[in-house]
2 protein chains.
Amino acid sequence: MMKQMTIYDIAKLANVSVATVSRVINSTAPVKDSTRKKIEALIQQYQFQPNAMARSLLKKETGIIGIIVPDLTNPFYTEVLAGAEQEALTTGHTFLLTNSVGDYQKESQYLSIMREKRVDGMIFLGGRINLKIGDEELDQELIQHASTIPTVLVNGTVKGNALTRVATDEYTGTCMAVQHLIECGHKQIGFLGGEMHMSTTSTKLRAFKKTMREAGLEVREEWILTDSFSIYSGRKQMEKLLQLADKPTAVMCVNDFVAIGAIKTAVDHELTIPDDMSIIGFDDIPLSHHFIPEITTVSQEANELGRTAIQVLQKLMNQEKVKKHTVIEPKLIVRKSSARLN
Amino acid sequence: MMKQMTIYDIAKLANVSVATVSRVINSTAPVKDSTRKKIEALIQQYQFQPNAMARSLLKKETGIIGIIVPDLTNPFYTEVLAGAEQEALTTGHTFLLTNSVGDYQKESQYLSIMREKRVDGMIFLGGRINLKIGDEELDQELIQHASTIPTVLVNGTVKGNALTRVATDEYTGTCMAVQHLIECGHKQIGFLGGEMHMSTTSTKLRAFKKTMREAGLEVREEWILTDSFSIYSGRKQMEKLLQLADKPTAVMCVNDFVAIGAIKTAVDHELTIPDDMSIIGFDDIPLSHHFIPEITTVSQEANELGRTAIQVLQKLMNQEKVKKHTVIEPKLIVRKSSARLN
DNA sequence: CTGAAAGCGCTAACAC
DNA sequence: GTGTTAGCGCTTTCAG
């Protein structure tokens, strides 16, 4: 590997001081045209790039935003990321990305790395902040951490809502979806969840029950299943549901993955969706638009969520005032996996 | 924001010199047990984290691997990333991730950032390294860049194969898939591609033609369509194909996205897949396993690809000898979107 | 076992 | 316009 040049090397070659070189690099003060030209030529010739470490050490800014996501292969998260990236570009920030796989210990480890690397700010998604009953110690660690690095939580929170967060209104979103099912004439509606100890599941379940009750419909416990957030989990849950003698005519799923799994298994069992059963997802991952049948779902506006998260973070980093809680309104997207009860 | 402590603060509090603190942090030399304990307690108490910038400046190592991907929302790339992350974890490296959206100018910009930040190494995916006819200048920039930072290219190359790369054998993979179709009795086979100027498309097309010819089958130019790599593109292409009076009984698609689009449009047109037409994809994204029908495809072993790329990069970073070209063997995954011609 | 001091590459006063 | 110099926070000789 070729050694990288330093500002000293350039200065020597140009017969000027390092300060002058620094000035042309940062256009921070006027420099005589001829010397500027000379220096610029040298920089070009040797492909000189100033060392960001050295600069950061001094400026106390790295231009890096740390991100912790729970699952890189989940399209919802990548969509959030894509939105965030787009927005971060406007201020020239780059992402230090880590994948926690929902492992709390890894989260802690990554939190440490972010601090060592002195990221300018960070975004935290999933994992511990999605726990229905937060863990005292984990929350404390995160809060502590946030006192030193501007941090925004996406779709989650910690004890006492102590930190800045932006989140989709999952409760309302679920109400809208269930309401849609009810308006389609369904009276026997089930719920397929993710892990019960995650707030995503419990929030949506609460919304589900409340909407049912307000419509005067019975909430049947045997139609409420929970497992995990994967496609495979959707399959398992639908498998169970179909074994029941008395089956619902519609189900609300905790996310699109579970909905896909549910549809797939239903189809395997010779059901036609939506004729034999309406199935609704949540998230509006790109795939839900392309699946056969196209899936009715609630859009989390993932891209906007990501962009907003960064906007809030940027304000935080600039020491501006920000709302402690920004909410993104979800949208019901009616497609082909739900229909009138006939 | 609370100010972060420095090694000086700790040293002062412990009544020792910074050198001693450094020693306990890095266990780089023996320290008296009692002073060690004292320092450790302080570090714990104030949650002190050494500043990685300062250290990197000295050690000329950042612990960061730069990654340029063309599309964060494409499951193939995220799967590669997930594999890479897993492997990078073994050496404690973290990712500086950038999303080029296939924009060559952005790639250049990100290349610069990687150099400024002095990443220890980098992985480049997609974009310019996938051009059928490489751009002289862009290649030169990348080669130049690689002379200063260990770099590995994934599924692509530059002029003269000047750089280290790991890649799936797309040619062989395509041959396998087409061969499978032929063995199913198909004689009228089409090809749905991505952009024609990308090597992925042209390589696969070459393999397609060669396999057809060797089997004594006619290559019909009107059945060879190219557009882009998206689901939407698959839809458009299938739309065109179905307008033909004489249609193929099977099609090979450049990737799973195109296959999904093709299937969806075919189904919209009341065709049954695979009974009326066999359709094969490429990549084996998770979705292809869950789509209805499940998609026959060629697995790129994305996760392994990512892991291997990092392994090779690690060797490169350690100045070990590495093969200039590591190839990953693809696998044919026969599922439900292809069947015997009846 | 511990401390003093040099230096990593850069920026920002402060002089001239 | 330009040069000198003092750090930024850390590691690492070199002495003791």
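Lettering follows sequence order; numbering is per chain, from 1. On a predicted model such as this, the values are computed, not experimentally measured, just so you know.
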Side chain T90(A), main chain Q86(A), donor-acceptor under 3.5 Å | no
E116(A) to Q49(B) - nearest heavy-atom pair and separation = CG-OE1, 3.5 Å
So, the side chain of D120(B) versus the backbone of I65(B): is there a donor-acceptor pair under 3.5 Å, distance only?
-> no
Residues from residues 6-19 of chain A lying under 4.0 Å of DNA chain C - heavy atoms = T6(A), I7(A), Y8(A), A19(A)
Backbone of A162(B) reached by a side-chain donor or acceptor of K324(B) within 3.5 Å | yes
Enumerate the residues from residues 113-120 of chain B whose closest heavy atom to DNA chain D is under 4.0 Å, giving them by residue number; use none for an empty result.
-> none
Under the side chain to side chain contact (heavy atoms under 4.5 Å, CB included) test, residues paired with S100(A) that sit two or more places apart | I68(A), P70(A), E107(A)
Residue that, paired with Y46(B), satisfies side chain to side chain contact (heavy atoms under 4.5 Å, CB included) out of M2(B), M5(B), Q4(B) = M5(B)
Has S22(A) got a side-chain N or O lying under 4.0 Å from the OP1 or OP2 atom of dC10(C)?
-> no
With Q45(A) via side chain to side chain contact (heavy atoms under 4.5 Å, CB included) - residues at least two apart = L42(A)
Among residues 51-65 of chain A, which residues get a heavy atom nearer than 4.0 Å to DNA chain C?
-> N51(A), A54(A), R55(A), L58(A), K59(A)
Specify the residues of residues 23-46 of chain B, ordered by number, for which at least one heavy atom lies under 4.0 angstrom from an atom of DNA chain C.
-> R23(B), P30(B), V31(B), K32(B), T35(B)
Nearest non-hydrogen partners of S108(B) and E141(B), listed with the distance = OG-OE1, 2.9 Å
Under 3.5 Å: donor-acceptor pair, side chain of T98(B), backbone of I67(B) | yes
Start with the C-alpha gap between N51(B) and R55(B), add the side-chain angles, then the distance that decides, and say whether side chain to side chain donor-acceptor pair (under 3.5 Å) holds.
-> CA-CA 7 Å; N51(B) 182 325; R55(B) 177 187 274 140; over 6 Å; no
Expected output: side-chain N155(A) to main-chain T168(A) donor-acceptor under 3.5 Å | yes
Counting distance only, does the side-chain N/O of S22(B) pair as donor-acceptor with the main-chain N or O of V18(B) below 3.5 Å?
-> no
